[in-house]
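Here is the structure we will look at, set down as structure tokens.
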Amino acid sequence: MLVVSNLMAQKPENNADEFKGPNKDVTYRLLWLIESDDENRLAYQGPANEGLSSAGYGRLVVAGSATAMVAVGQRSSVSGSSRYGQMNMTVSLLNTSDREQFEVKVTVQTRDRSPMSVETTARVPKGRWFLVGGADSQTGQPIYADDGKRAVAIMRIDDGVMLLD
């Protein structure tokens, strides 16, 4: 007896909702924030604002940012300048046994009158803002009297490449 199955009625295995394999490409965002009392500067009001306030940070403004995409398992590097100085960051990440987490190695360096440097490795959640590191930068004189008291770097990793069309 010959049995024929209806293959067309089955869901395709590569359906995005059903995919259970490893993360392949991601987009990460890093924000370099500094405390500032300067009312002429727009305060950071992003989704991590409440958590940063709970952690003891005062009014924060964006001093720099980095966004890039990377294939999981590869290294990515971003550099940029703002009126506060230069920021360099390097990221490499790996999948973990939990599809909603990554093991990420982050190096962030800022070059200004009060440089900040953070190098760390941790397991982090996908799709949520997390603290990379913070530093007290009161050892140098800020360019603007109300800026540069403390600096903090926060990051978020999202699945896929950010499409712009």
Side-chain angles (χ1 to χ4, degrees), residues 22-39 41-162:
N23 293 289
K24 293 183 179 181
D25 298 309
V26 297
T27 299
Y28 63 84
R29 290 176 276 179
L30 182 125
L31 291 178
W32 169 27
L33 304 168
I34 60 170
E35 287 183 324
S36 175
D37 294 333
D38 184 352
E39 293 298 323
R41 301 284 319 277
L42 186 61
Y44 170 74
Q45 295 296 322
N49 190 46
E50 188 175 317
L52 289 164
S53 294
S54 297
Y57 287 94
R59 183 178 184 276
L60 295 165
V61 298
V62 177
S65 66
T67 301
M69 57 91 182
V70 64
V72 175
Q74 300 298 312
R75 183 176 173 269
S76 176
S77 203
V78 179
S79 295
S81 295
S82 75
R83 74 185 225 189
Y84 294 99
Q86 185 177 22
M87 180 180 74
N88 298 310
M89 75 171 292
T90 304
V91 172
S92 59
L93 46 91
L94 298 171
N95 282 307
T96 67
S97 56
D98 183 343
R99 182 163 165 70
E100 298 303 313
Q101 284 188 346
F102 295 100
E103 180 176 294
V104 64
K105 179 177 182 181
V106 181
T107 302
V108 179
Q109 294 178 327
T110 63
R111 292 187 191 115
D112 60 357
R113 293 179 182 220
S114 301
M116 177 178 80
S117 179
V118 178
E119 183 172 341
T120 189
T121 303
R123 290 185 109 175
V124 299
K126 178 171 53 173
R128 299 199 50 203
W129 286 97
F130 56 89
L131 178 77
V132 173
D136 186 336
S137 60
Q138 293 179 345
T139 57
Q141 293 296 319
I143 295 173
Y144 303 95
D146 293 330
D147 289 339
K149 296 175 180 129
R150 287 193 297 174
V152 62
I154 62 174
M155 187 172 181
R156 179 182 173 129
I157 302 170
D158 291 310
D159 199 18
V161 174
M162 184 185 296

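No experiment lies behind these values; they were computed from the predicted model shown.
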Side-chain contact, heavy-atom cut-off 4.5 Å: L33 with Y57?
no

Which heavy-atom pair separates S117 from Q109 by the least distance, and what is that distance?
OG-CG, 3.8 Å

Shortest non-hydrogen separation from R150 to G56 and the atoms involved:
NH2-O, 2.7 Å

Quick check: do D25 and M69 have side-chain heavy atoms less than 4.5 Å from each other?
no

When rounded to the nearest 0.5 angstrom, what distance separates CG in L94 from CZ in F102?
10.0 Å

Between CZ of R75 and CG of L93, what distance do you get to the nearest 0.5 Å?
12.5 Å

Side-chain heavy atoms of R59 within contact of E39, under 4.5 Å
yes

Between T67 and T27, what is the shortest heavy-atom contact and its length?
CG2-CG2, 4.0 Å

Apply side-chain contact (heavy atoms from CB on, under 4.5 Å) to residues M116 and W32 and explain how you reach the verdict.
CA-CA 10 Å; M116 177 178 80; W32 169 27; 4.1 Å; yes

Check the surroundings of atom CZ in R128: do more than 12 heavy atoms from other residues, nucleotides or ligands lie under 6.0 Å from it?
no

pair V108-M155: side-chain heavy atoms closer than 4.5 Å:
no

From CA spacing to verdict: side-chain contact (heavy atoms from CB on, under 4.5 Å), L30, M87
CA-CA 11 Å; L30 182 125; M87 180 180 74; 3.7 Å; yes

Taking all non-hydrogen atoms of both residues into account, name the closest pair between Y44 and N49 and its distance.
O-OD1, 3.3 Å

Quick check: do K105 and E119 have side-chain heavy atoms less than 4.5 Å from each other?
yes

Determine the minimum heavy-atom distance between S79 and N88, stating which atoms define it.
OG-OD1, 2.6 Å

Answer whether the closest heavy-atom distance between the side chains of D158 and V26 falls below 4.5 Å.
no

For E35 and G58, which heavy atoms make the closest approach, and how far apart are they?
OE2-N, 2.7 Å

Taking the side chain from R156 and the backbone from G127, do they hold a donor-acceptor pair closer than 3.5 Å?
yes

Do the non-hydrogen side-chain atoms of I34 and V61 ever get within less than 4.5 Å of each other?
yes

Any side-chain heavy-atom pair from Y28 and V104 closer than 4.5 angstrom?
no

Going through the checks in order, is the side-chain contact (heavy atoms from CB on, under 4.5 Å) test met by V118 and V106?
CA-CA 8 Å; V118 178; V106 181; over 6 Å; no

Would the distance check show the side chain of T96 and the main-chain N or O of Q101 forming a donor-acceptor pair, the cut-off being under 3.5 Å?
yes

